[in-house]
Colleague: 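First the structure, which I've put down as structure tokens, then a few questions once you've had a look.
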Amino acid sequence: MNDRVEQLLADLPRWPRYGDEERTNLVRALDQGQWWRMGGSEVDSFEREFADRHGAPYALAVTNGTHALELALQVLGVDQGSEVIVPAFTFISSSQAAQRLGAVAVPVDVDPETYCLDPEAAAAAVTPRTKAIMPVHMAGHFADMDALGKLSADTGVPLIQDAAHAHGAEWEGRKAGELGSIAAFSFQNGKLMTAGEGGAVTFPDEASYQEAFLRHSCGRPATDRRYFHQTSGSNFRMNEFSAAVLRAQLGRLDEQIATREQRAPLLAGLLAEIPGVVPQRRDERVNVNPHYMQMFRIPGISEENRNALVDRLVARGVPAFIAFRAIYRSDGFWEYAAPAETVEQVAARCPVTEAINADCVWVHHRSLLGTEEQMHAIAQVVAEEVART
């Protein structure tokens, strides 16, 4: 590798990004002398700001993205014996949030170009026991919310958006909170805004928000002084320090999205010129993509060779990762509340996921905060290492 390319990759932006705004907010939270959401103001303020940014009437901050999904599913009535349709290609929290409630997670295939839930596959999986359909906005790219919205209206099965990658994303000019369904977000360390851990749920109506608030606080109303727990629940409350950091992170989001929206098309175009490389396609209805990942496929490559390719990219300074494993190819998926099928039976109806499981690579979104010259450096190294495969 020439010295210039090596230096460009070494100088890629780090993650997370932080500065005086986070420090100031942390000191403010500390000086409150109340670090619990019921006594402080940071969580309340963050919820209002996050809801406003995402076009939602209500937002609830929680401990992490997995709990955000679990809480949202519970509000929708998902319980033991019900079914939740999930993409077969996603991080396993999407399915495990349902399974932890005793619901059967039903994996269905994804679109070969956007890697998002296939609406036709989802429609084929709906049964009288289906309580929710969970599209995942993969890498910040919205699933087909027009087709899925119609499916929800036709079947009466509500949607819950797994928006862990989709902070600030827009579908036909509408944000996640403006699409009429609950959406769950993550603030885990690698996410587009982060406090190390954390999550949020946005709600389209007050009733679902109020139920979620009770359930996220052990079933106890905010004003209760007599330990009168009105419903079952758990402690999913966010603390004041996390909220303080996230308020600063939210202030950085739009500028970072604008930069990624400039760099991602450039990098995708450069990757598309490499023989055998096929970048994730963008649906024209997605008018804002925050680009949680720069994803691409190498159709026909074996899983073993894909894994070796990623190792070489990392060794050369590209922050690359293998794509998510098909959820049904992880032992944890089958531990409880799994469908009455074998791995191979699920795989047979998820051919796109089977391929992506082996041939997909992603590059961390911090790279897309770099310069145009750095995008060329990433593409050069990918080209060289793919040629060795």
Side-chain angles (χ1 to χ4, degrees), residues 85-91 94 107-125 133-151 159 161-166 169-172 176 179 260-261 263-303 306 309-310 320-327 347-365 367-368 375 378-379 382-383 386:
I85 293 171
V86 299
F89 176 66
T90 182
F91 185 67
S94 303
V108 303
D109 214 357
V110 297
D111 182 274
E113 296 185 321
T114 67
Y115 318 157
C116 295
L117 185 68
D118 181 339
E120 291 186 7
I133 300 169
M134 185 189 293
V136 175
H137 302 321
M138 182 56 62
H141 187 289
F142 264 104
D144 187 342
M145 294 303 290
D146 290 353
L148 290 166
K150 184 177 186 304
L151 174 61
L159 302 178
Q161 303 173 62
D162 184 336
H165 302 172
E170 292 185 14
W171 173 265
E172 295 183 318
L179 293 169
R260 292 191 193 99
E261 281 277 56
R263 300 293 182 261
L266 170 60
L267 181 55
L270 294 169
L271 293 172
E273 295 174 358
I274 302 170
V277 173
V278 181
Q280 180 188 28
R281 184 182 67 83
R282 178 167 176 162
D283 189 309
E284 63 182 10
R285 292 170 291 181
V286 174
N287 56 293
V288 176
N289 185 342
H291 300 286
Y292 175 57
M293 310 167 183
Q294 181 74 60
M295 304 186 80
F296 61 90
R297 297 179 60 189
I298 309 170
I301 196 173
S302 69
E303 184 175 353
R306 187 275 311 272
L309 167 65
V310 169
F321 298 79
I322 64 171
F324 299 130
R325 190 167 191 80
I327 57 174
R349 58 181 177 77
C350 296
V352 175
T353 297
E354 276 294 284
I356 293 175
N357 181 78
D359 69 20
C360 191
V361 176
W362 60 273
V363 178
H364 193 273
H365 64 79
S367 303
L368 298 174
M375 301 306 103
I378 292 170
V382 172
V386 168

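Computed from a prediction, not measured in an experiment: that's the story for all the values here.
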Colleague: Could you grab the distance from atom CZ of R297 to atom CZ of R281, nearest 0.5 Å is fine?
Modeller: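 One finds 13.0 Å between CZ of R297 and CZ of R281.
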Colleague: Using only atom types and a distance under 3.5 Å, with no angle test, would you say the side chain of W362 pairs donor to acceptor with the backbone of A320?
Modeller: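 Absent.
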Colleague: Determine the minimum heavy-atom distance between I378 and S367, stating which atoms define it.
Modeller: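 Minimum heavy-atom contact is CD1-CB, 3.8 Å.
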Colleague: Does any donor atom in the side chain of D162 or S94 lie under 3.5 Å from an acceptor atom in the other side chain?
Modeller: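 Short answer, yes.
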Colleague: Within the distance-only criterion (no hydrogens, no angle test), does the side chain of E261 pair as donor or acceptor with the backbone N or O of N289 below 3.5 angstrom?
Modeller: yes
Colleague: Counting only heavy atoms from other residues, nucleotides and ligands, does the tally under 6.0 Å from CD of E172 exceed 12?
Modeller: yes
Colleague: Between CE of M375 and CG of L368, what distance do you get to the nearest 0.5 Å?
Modeller: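 Rounded to the nearest 0.5 Å, the CE-CG separation comes to 5.5 Å.
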Colleague: Can you tell me how far apart CZ (R260) and CD (Q294) are? Round to the nearest 0.5 Å.
Modeller: 11.5 Å
Colleague: Looking only at non-hydrogen atoms, find the nearest pair between A169 and G140 and report the distance.
Modeller: CB-O, 3.7 Å
Colleague: First locate atom NE2 of H141, then atom CE of M293, and finally report the distance between them rounded to the nearest 0.5 Å.
Modeller: 14.0 Å
Colleague: Answer yes or no: is there a donor N or O on one side and an acceptor on the other, between the side chain of Q280 and the main chain of F296, under 3.5 Å?
Modeller: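 No, because the side chain of Q280 does not come within donor-acceptor range (under 3.5 Å) of the backbone of F296.
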Colleague: D359 vs R306, test: salt bridge (Lys or Arg N to Asp or Glu O under 4.0 Å). Steps then yes/no.
Modeller: CA-CA 6 Å; D359 69 20; R306 187 275 311 272; over 6 Å; no
Colleague: Atom CG of N287 and atom CZ of F142: how far apart are they, to the nearest 0.5 Å?
Modeller: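 So the gap between those two atoms works out to 9.0 Å.
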Colleague: Could you tell me how the ring of Y115 sits relative to the ring of F89: parallel (under 30°), tilted (30 to 60°) or perpendicular (over 60°)?
Modeller: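 Perpendicular.
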Colleague: Looking at A379 and L270, what are the two nearest heavy atoms and their distance?
Modeller: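 Smallest heavy-atom distance, with atoms named: CB-CB, 3.6 Å.
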Colleague: Looking at residues at least two apart in the chain, or sitting in another chain, which of them share a salt bridge (charged side-chain N to carboxylate O under 4.0 Å, His left out) with R263?
Modeller: none
Colleague: Search all heavy atoms of P299 against all heavy atoms of G276 and return the closest pair with its distance.
Modeller: CD-O, 3.5 Å
Colleague: Taking V352's backbone N and O only, do any of them form a donor-acceptor pair with D109's side chain (distance below 3.5 Å, no angle check)?
Modeller: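 Yes, because the side chain of D109 sits within donor-acceptor range (under 3.5 Å) of the backbone of V352.
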Colleague: Starting at CG of L117, measure out to CD1 of I85 and round the result to the nearest 0.5 Å.
Modeller: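 Interatomic distance, L117 CG to I85 CD1, rounded to 0.5 Å: 8.0 Å.
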